[in-house]
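Here is the structure we will look at, set down as structure tokens.
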Amino acid sequence: MPELPEVESARVGLDRVARNKQIQAIEVYWPNLISTNLSIDEWQKTLIDQTIHQVSRRGKYLVFELDTHLLVSHLRMEGKYFYFLKEDIPQEKAKHTHVIFKFTDGSQLHYHDVRKFGRFELTSYKDQAAFFNSKKLGPEPTEEAFDLTEFSKALQKKSRAIKTVLLSQEQVVGLGNIYVDEVLFDSGIYPERPANSLTEKEIALLRTNIIQTIERATGLGGSTIRTYKNTLGEAGRYQDYLQVYGKQGTPCPNCGTTIEKIKVHGRGTHYCPVCQPREGNR
DNA sequence: TTTAATGTTCATGA
DNA sequence: TTCATGAACATTAA
């Protein structure tokens, strides 16, 4: 379910239900989800008895802030969390629930992931900065953090497709395959344009659209494209506002031209051939 | 049967 | 170094 608006929506729900809960036990049904140098046994021992003080987020990474460690969770394509009060815990876990956190108050947090692409990592407060540095994450897509000059300088050095650069999370975090197509459409930029071919004007517009789109989608709880639900079981509502993602064969909302679908960087890519010309709008 | 699906990371070769 | 491509992870549904 994972682009920044969906992850942020999950974070809000998790922070509400899991804050101040103490971990009593953890059940792991698919060990490959746990990315650690420790054995699964040691990993569990490290986490048990710790309290979740806060659930925060860096890019698309969820961060459970514990007593001594930070449990970092990436949902990748299909990861989801479901929270159950003691009296609501299902008799049998769902087929795709692979990790269960049992809290001392009897409630449980279930990690559910159909494709098992999600990952749990562990770091300490001391190693936190180095941990996220190793991921090479760019700034958050906010007015304050996302600096236009830096963004512009970085794009000038990249000859790869602008869509690829935006998906890399290195210049700015949070965009995935849906929002990147939306933002490029809003900005009138063809997804395969080399990043270093964008004009200053286009870069400034792109930055503004990234910030605005992520903000609007986050405010609406993200997009429910397939089966996404947040931790509280709520669907997102931004899918009603999508302009090009999944709209191939339908008219462009701006000019009526048929939206096309191509592959860029191995991902389905939707665009309007008139509003987003290959050679740019000049 | 084949393909594609809201993501990241690794290997290979140019 | 940089970049492109493909594979891997794994399951479901059209």
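Order of the sequence lines sets the chain letters (A, B, ...), proteins ahead of strands, with each chain counted from 1.
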Does the structure show Phe117(A) stacking with dT8(B), if we require the centres to be closer than 5.5 Å and the planes to be within less than 30 degrees of parallel?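 Taking the rule of under 5.5 Å and under 30°, the ring of Phe117(A) does not stack on dT8(B).
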Take the angle between the ring planes of Phe64(A) and Phe101(A) and call it parallel below 30°, perpendicular above 60°, tilted in between. parallel
Would you call the rings of His98(A) and His96(A) parallel, tilted or perpendicular if under 30° counts as parallel and over 60° as perpendicular?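 Aromatic pair His98(A)/His96(A) classed perpendicular.
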When rounded to the nearest Å, what value does the distance between [atom1] atoms of [N] and [M] take?
{"N": "dT1(C)", "M": "dT8(B)", "atom1": "P", "result": "24 Å"}
{"N": "dA5(B)", "M": "dA4(C)", "atom1": "C1'", "result": "22 Å"}
{"N": "dT1(B)", "M": "dA10(C)", "atom1": "P", "result": "22 Å"}

In whole Å, I'd like the distance from the [atom1] atom of [X] to the [atom2] atom of [N].
{"X": "Asp113(A)", "N": "dG7(B)", "atom1": "CG", "atom2": "C1'", "value": "11 Å"}
{"X": "Glu170(A)", "N": "dT9(B)", "atom1": "CD", "atom2": "P", "value": "10 Å"}
{"X": "Arg76(A)", "N": "dA10(C)", "atom1": "CZ", "atom2": "C1'", "value": "12 Å"}
{"X": "Met77(A)", "N": "dG7(B)", "atom1": "CE", "atom2": "P", "value": "6 Å"}
{"X": "Phe120(A)", "N": "dT8(B)", "atom1": "CZ", "atom2": "C1'", "value": "16 Å"}

Side-chain donor or acceptor of [X] paired with backbone N/O of [Y] under 3.5 Å:
{"X": "Ser187(A)", "Y": "Leu184(A)", "result": "no"}
{"X": "Glu42(A)", "Y": "Ser39(A)", "result": "yes"}
{"X": "Arg19(A)", "Y": "Ile52(A)", "result": "no"}
{"X": "Gln108(A)", "Y": "Lys102(A)", "result": "no"}

Any chain of hydrophobic side-chain contacts (each under 4.5 Å) joining [X] to [Y]?
{"X": "Leu70(A)", "Y": "Phe131(A)", "answer": "yes"}
{"X": "Ile189(A)", "Y": "Phe146(A)", "answer": "yes"}
{"X": "Tyr238(A)", "Y": "Phe185(A)", "answer": "no"}

Polar-atom pairs under 3.5 Å, protein N or O versus N or O of nucleotides 2-5 of chain C: list them with distances, or write none.
from, atom 1, to, atom 2, distance (Å)
dC3(C), OP1, Ser159(A), N, 3.3
dC3(C), OP1, Ser159(A), OG, 3.4
dA4(C), OP2, Arg160(A), NE, 3.0

Ring centroid separation for Phe82(A) and His112(A), is it under 6.0 angstrom? yes
Near DNA chain C, counting only heavy atoms under 4.0 Å, which residues of residues 27-43 of chain A show up? Trp30(A), Asn32(A)
Would Lys93(A) pass as a cation-pi partner of Tyr29(A), given that its NZ or CZ must be under 6.0 Å from the six-membered ring centre and within 45 degrees of the axis?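 Verdict for Tyr29(A): a cation-pi partner in Lys93(A).
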Does Tyr241(A) have Arg216(A) sitting over its ring (NZ/CZ under 6.0 Å from centre, angle to axis within 45°)? yes
From dT12(C), dA10(C), dG7(B), nucleotide with atom closest to Arg115(A) side chain: dA10(C)
Let me check I have this right: for DNA chain C, each base becomes ., (, ), [, ] or |, based on Watson-Crick or G-U pairs with both distances under 3.5 Å. What is the full string? .||||||||.||||
Under 4.0 Å, counting only non-hydrogen atoms across every strand here, what does Lys263(A) touch: a base, just sugar-phosphate, or nothing?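 The residue Lys263(A) makes sugar-phosphate contact but no base contact.
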Between His74(A) and Gly266(A), who's closer to the 5' end of DNA chain B by nearest nucleotide? Gly266(A)
